[in-house]
Amino acid sequence: MSVSARDTFALTTPLYYVNDLPHIGSAYTTMAADVIARFQRLRGKRVLLVTGLDEHGQKIQRAAAAHQQSPQEHCDRIASGFRLLWDRLNIQYDRFIRTTDPRHTAIVYDVFQRVWDQGDIYSSQQQGWYCVACEEFKEERELLDDRRCPIHTNQVVEWRDEQNYFFRLSRYQAILEDLYEKRPDFIQPESRRNEVLSFVSQGLKDFSISRVNVQWGIPVPTDATQTLYVWFDALLGYITALLDPEDDPKLDNAVKTWYPFNLHLIGKDILRFHAVYFPAMLISAGLPLPHAVFGHGFLTKDGQKMGKSLGNTIDPIQLVDRYGADAVRFYFMKEIEFGRDGDFNEQRFVNTVNADLANDLGNLLNRTLQMTHKYCGGVVPVIDDNDTTLMNPLKNLACNLGKEVSESYEHLALHNACESALAVARYGNKFIDEQAPWKRYKQGEQAAVRQILYAVLESVRLIAYLLSPVIPGVSTRVYHQLGYEVDFNRSELLPEFAVHANWGALQPMQPLAQPSPVFQRLELST
Ligand code: MSP
């Protein structure tokens with residue numbers, strides 16, 4: 001089915017290397033992508049979230065050998081680890097592309113042919129320092145002492161001197177510069193854009209797109225003695241993922257419905273590939289460019305770079321098993337400004353999540369529900385729309401919330417979306433303390449009590465709705481307490497709740513459930 005660009009939203013995570021099981025960095029990008037996808041679905045768009053795995057290349061070949069497995073066996077084992085984590089983290093992905101899928105080879109060949117026909121591929125000698133962990137050549141000046149990679153600081157780079165096929169990137173210098181200027185949103189956030197501008201201004205060099213001594217890869221179609229460079233193959237995986245199951249694996253079929261992507265979400269370490277190499281490859285192949293590439297920051301643990309050699313990695317499966325998906329998703333989305341580096345500390349994680357979800361949001365709902373049962377017969381209080389004087393301070397704040405939060409999600413300021421919603425919960429607590437409905441009830445001010453309780457219940461509902469992309473489980477429980485049947489994990493049912501993005505959806509007289517905690521306090525595990 002063909003759909004207009006306006007009502008669809010297609011986005012990707014990176015295609016993760018399968019050298020090892022997923023780590024918290026891969027989980028971070030994927031959680032953010034899922035939040036964005038859920039937000040777009042909530043606002044009625046048809047969404048396609050693509051994730052998957054980058055399975056070729058020397059790095060994977062070596063990882064398999066180290067486990068005494070064939071590369072394919074190794075990839076299959078790791079692939080199930082990724083799928084398991086995405087299930088645990090409640091990631092609703094639509095496509096899971098693996099670059100070892102034979103259909104992918106067909107798409108890569110179609111693109112290769114187009115690029116070849118443009119005269120953008122030629123054979124030449126490649127010499128240089130190569131980081132296998134990055135799968136990237138490094139300039140001598142980028143290297144640390146002892147020729148270590150600046151990203152994989154415990155790995156030394158390896159010398160390469162071989163005959164390869166090259167992509168004529170230099171030809172795209174002016175075209176790319178023009179693109180960045182005309183479309184300032186193409187690379188986000190601004191800081192990443194500046195990095196790319198500065199890199200490109202140093203002059204773009206052609207790069208080799210084949211390898212002689214790597215068997216685990218897609219053979220170069222014009223030369224069976226070489227395999228394609230893993231990045232040339234992997235970036236095209238995004239396009240392969242767009243094939244419908246019944247489609248013939250042809251480039252034209254892949255790009256017919258969802259292409260071009262609205263957003264490629266990546267970490268800052270793979271920015272050049274996505275913001276320089278990939279657009280040049282696409283232009284060469286005569287394909288439209290994505291709308292945006294967003295490069296997020298890097299995570300540290302307790303202020304330190306994470307790594308196996310440092311022994312301070314975080315196992316995302318363990319984290320979810322201990323604390324639940326909503327808590328993990330919430331912490332990373334709210335505590336880290338999206339686009340900047342951020343830190344994980346377990347104590348801060350427990351404190352933040354308890355303060356925000358258990359106290360500010362959960363307790364507010366809990367005590368308000370109790371009062372509503374006591375003072376208003378367990379139904380949503382009936383209020384006089386002509387007299388909202390008492391509740392106006394809370395209502396006015398909450399009335400702007402829908403717009404504010406939507407704009408934040410739209411601009412990928414995911415932390416701001418969370419913060420704005422929580423600010424209303426904090427104000428709700430203050431409001432109810434100041435208004436003291438328990439006192440007013442004793443004084444016989446029933447209309448006032450109804451107004452206060454309605455305002456708080458409605459605010460909590462709105463917060464739950466707007467945060468449902470981040471904490472779908474908590475939001476669903478809040479909604480159940482408020483007497484709704486909705487499940488925020490069932491996106492097909494959400495369009496009928498579209499009016500819920502604004503103040504006033506809670507209907508007077510709706511029966512409410514008995515209060516029970518929507519979020520169990522976390523205990524720091526020892
Ligand atoms: N296979 C390539 C991507 C190809 S896309 C066509 C790759 N894979 S990766 O598994 O190494 O990295 C995937 C993502 O994890 C990247 O976006 C990277 O930035 C992210 N992270 C890896 N470590 C990270 C942190 N410590 N913190 C945050 N994200 C980091 O690159």
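We count residues from 1, following the sequence as given. Indexing begins at 1, ligand by ligand and atom by atom, following the structure's order.
In this structure, Trp231 counts as a contact residue of ligand 1, since one of its heavy atoms falls inside 4.0 Å of the ligand. At least one heavy atom of His23 sits under 4.0 Å from some atom of ligand 1. The closest approach between His296 and ligand 1 falls below 4.0 Å for a heavy atom of the residue.
Between Trp116 and Tyr165, the ring planes lie tilted relative to each other; the angle falls in the 30° to 60° range. Between Phe39 and Tyr409, the ring-plane angle classifies as parallel under the 30° and 60° cut-offs. The aromatic rings of Tyr16 and Trp86 sit tilted, their planes meeting at an angle between 30° and 60°.
With hydrogens left out, the protein atom closest to atom 14 (C) of ligand 1 is Tyr16 CE2, 3.7 Å, a heavy atom. Among protein heavy atoms, the minimum distance from atom 10 (O) of ligand 1 is reached at Tyr17 N, 3.2 Å. The single protein non-hydrogen atom nearest to atom 16 (C) of ligand 1 is Ile270 CD1, 3.8 Å, given as residue, atom name and distance. From the protein, the heavy atom lying nearest to atom 19 (O) of ligand 1 is Asp269 OD1, 2.4 Å. What sits closest to atom 27 (N) of ligand 1 on the protein, heavy atoms only, is Leu299 N, 2.8 Å.
Interface atoms of ligand 1 facing Asp54, defined by a heavy-atom separation under 4.0 Å, are 1 (N), 2 (C), 4 (C). When each atom of ligand 1 is checked for a heavy atom of Gly297 under 4.0 Å away, the hits are 28 (C).
Contact check on Arg521 versus Glu523 returns no salt bridge, with no Lys/Arg side-chain nitrogen under 4.0 Å from an Asp/Glu carboxylate oxygen.
Sorted by first and then second residue, the side-chain hydrogen bond (donor to acceptor under 3.5 Å, both in side chains) pairs involving residues 269-279 (not counting sequence neighbours) are Tyr238-His274.
Considering CD1 of Ile24 and CG of Leu319, their distance stands at 5.5 Å, rounded to 0.5 Å.
Considering backbone and side-chain atoms together, Gly267 places an N or O closer than 3.5 Å to an N or O of ligand 1. In terms of polar-atom proximity, defined here as any N/O pair under 3.5 Å, Tyr238 makes no such contact with ligand 1.
Although no hydrogens or angles enter the test, the distance criterion places a donor-acceptor pair under 3.5 Å between the side chain of Asp101 and the main chain of Arg103. Side-chain atoms of His23 come within 3.5 Å of backbone N or O of Ser26 as a donor-acceptor pair.
Contact detail for Pro249 and Leu243: the closest heavy-atom pair is CA-CD1, 3.8 Å.
The closest non-hydrogen atom to atom 2 (C) of ligand 1, taken over Leu15, Ile336, Thr300, Thr12, comes from Leu15.
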